[in-house]
Amino acid sequence: QVQLVESGGGLVQAGGSLRLSCAASGRTFSSLAMGWFRQAPDQEREFVAAINWSGNWPYYADSVKGRFTISRDNAKNTVYLQMNSLKPEDTAIYYCASKNTLLASARYLTGTAEYDLWGQGTQVTVSS
């Protein structure tokens with residue numbers, strides 16, 4: 001059974017950067033596609049980025065494209081979300097999620113229902 005634990009959230013000024021990490025326990029990480037989602041108060045959880053099992057062909061929401069980078073290190077069982085040029089509207093709880101699939105393209109993994117397992121979330125607050 002895989003468990004996901006996010007870290008790296010915090011308070012940052014607009015224009016700043018943060019790197020989120022999501023550590024996965026268990027021995028099946030290399031067969032998992034991984035995604036990042038976020039949820040702001042009184043809003044639905046929304047897709048941010050996804051990456052396939054091999055780390056190729058990441059896919060991003062339009063709102064973060066060019067500012068955020070998703071990556072993974074299968075040797076460390078960890079997926080990352082590097083967030084640059086942060087804006088106040090990026091403020092949310094950020095969740096990582098996993099799906100047991102060898103699907104090549106992450107562009108099909110943008111819905112919350114696609115994922116099997118979720119972390120507990122980490123708060124990101126961007127001040128103006």
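Residues: numbered from 1 along the sequence shown. Because the structure is predicted, anything quoted here is derived from the model rather than measured.
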Measuring from [X]:[atom1] to [Y]:[atom2], what's the distance to the nearest 0.5 Å?
X: Y80; Y: I70; atom1: OH; atom2: CD1; result: 12.0 Å
X: D73; Y: S21; atom1: CG; atom2: OG; result: 10.5 Å
X: C96; Y: M34; atom1: SG; atom2: CE; result: 4.5 Å
X: E114; Y: Y108; atom1: CD; atom2: OH; result: 11.5 Å
X: W118; Y: T112; atom1: CH2; atom2: OG1; result: 5.5 Å
X: K99; Y: L32; atom1: NZ; atom2: CG; result: 10.5 Å

Full working for salt bridge (Lys or Arg N to Asp or Glu O under 4.0 Å) between K65 and D62: CA-CA 5 Å; K65 201 172 296 183; D62 288 343; 3.1 Å; yes
Any link between M83 and Y59 through a network of hydrophobic side chains (Ile, Leu, Val, Met, Phe, Trp, Tyr) touching at under 4.5 Å? no
Got a donor-acceptor contact below 3.5 angstrom from the [X] side chain to the [Y] backbone?
X: N74; Y: W53; answer: yes
X: E6; Y: Q120; answer: yes
X: T122; Y: G9; answer: yes
X: T91; Y: E89; answer: no

Check whether Y95 forms a cation-pi arrangement with R38 (NZ or CZ under 6.0 Å from the six-membered ring centre, at most 45° off the ring normal).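 No, R38 and Y95 do not form such a contact.
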Is the positively charged end of R72 above the ring of F29, judged by distance under 6.0 angstrom from the centroid and angle within 45° of the axis? yes
Distance flag, aromatic centroids of Y115 and F37, threshold under 6.0 Å: yes
Aromatic ring pairing F68/Y94, orientation class (parallel under 30°, perpendicular over 60°, tilted between): tilted
Minimum heavy-atom distance between [X] and [Y], given as atom pair plus value:
X: N52; Y: W57; answer: ND2-CE3, 3.7 Å
X: L109; Y: F47; answer: O-CE1, 3.6 Å
X: R67; Y: S63; answer: NH2-O, 2.9 Å
X: L18; Y: G8; answer: CD2-O, 3.9 Å
X: A40; Y: A92; answer: N-CB, 3.8 Å
X: L4; Y: C22; answer: CB-SG, 3.9 Å

Crowding at CD, Q3 (>12 non-hydrogen neighbours, <6.0 Å): no
Just to verify, which of E44, E46, R45 counts as forming a side chain to side chain donor-acceptor pair (under 3.5 Å) with Q39?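 Going through the options one by one, the only one that passes is R45.
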Between V12 and T125, does a side-chain contact (heavy atoms from CB on, under 4.5 Å) hold up when you go through it step by step? CA-CA 6 Å; V12 64; T125 303; over 6 Å; no
Side chain to side chain contact (heavy atoms under 4.5 Å, CB included) involving Q82 - partner list, sequence neighbours excluded: S17, R19, T69, N84
Sub-4.5 Å side-chain heavy-atom contact between L20 and V124: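 Yes - at least one pair of side-chain heavy atoms lies under 4.5 Å apart.
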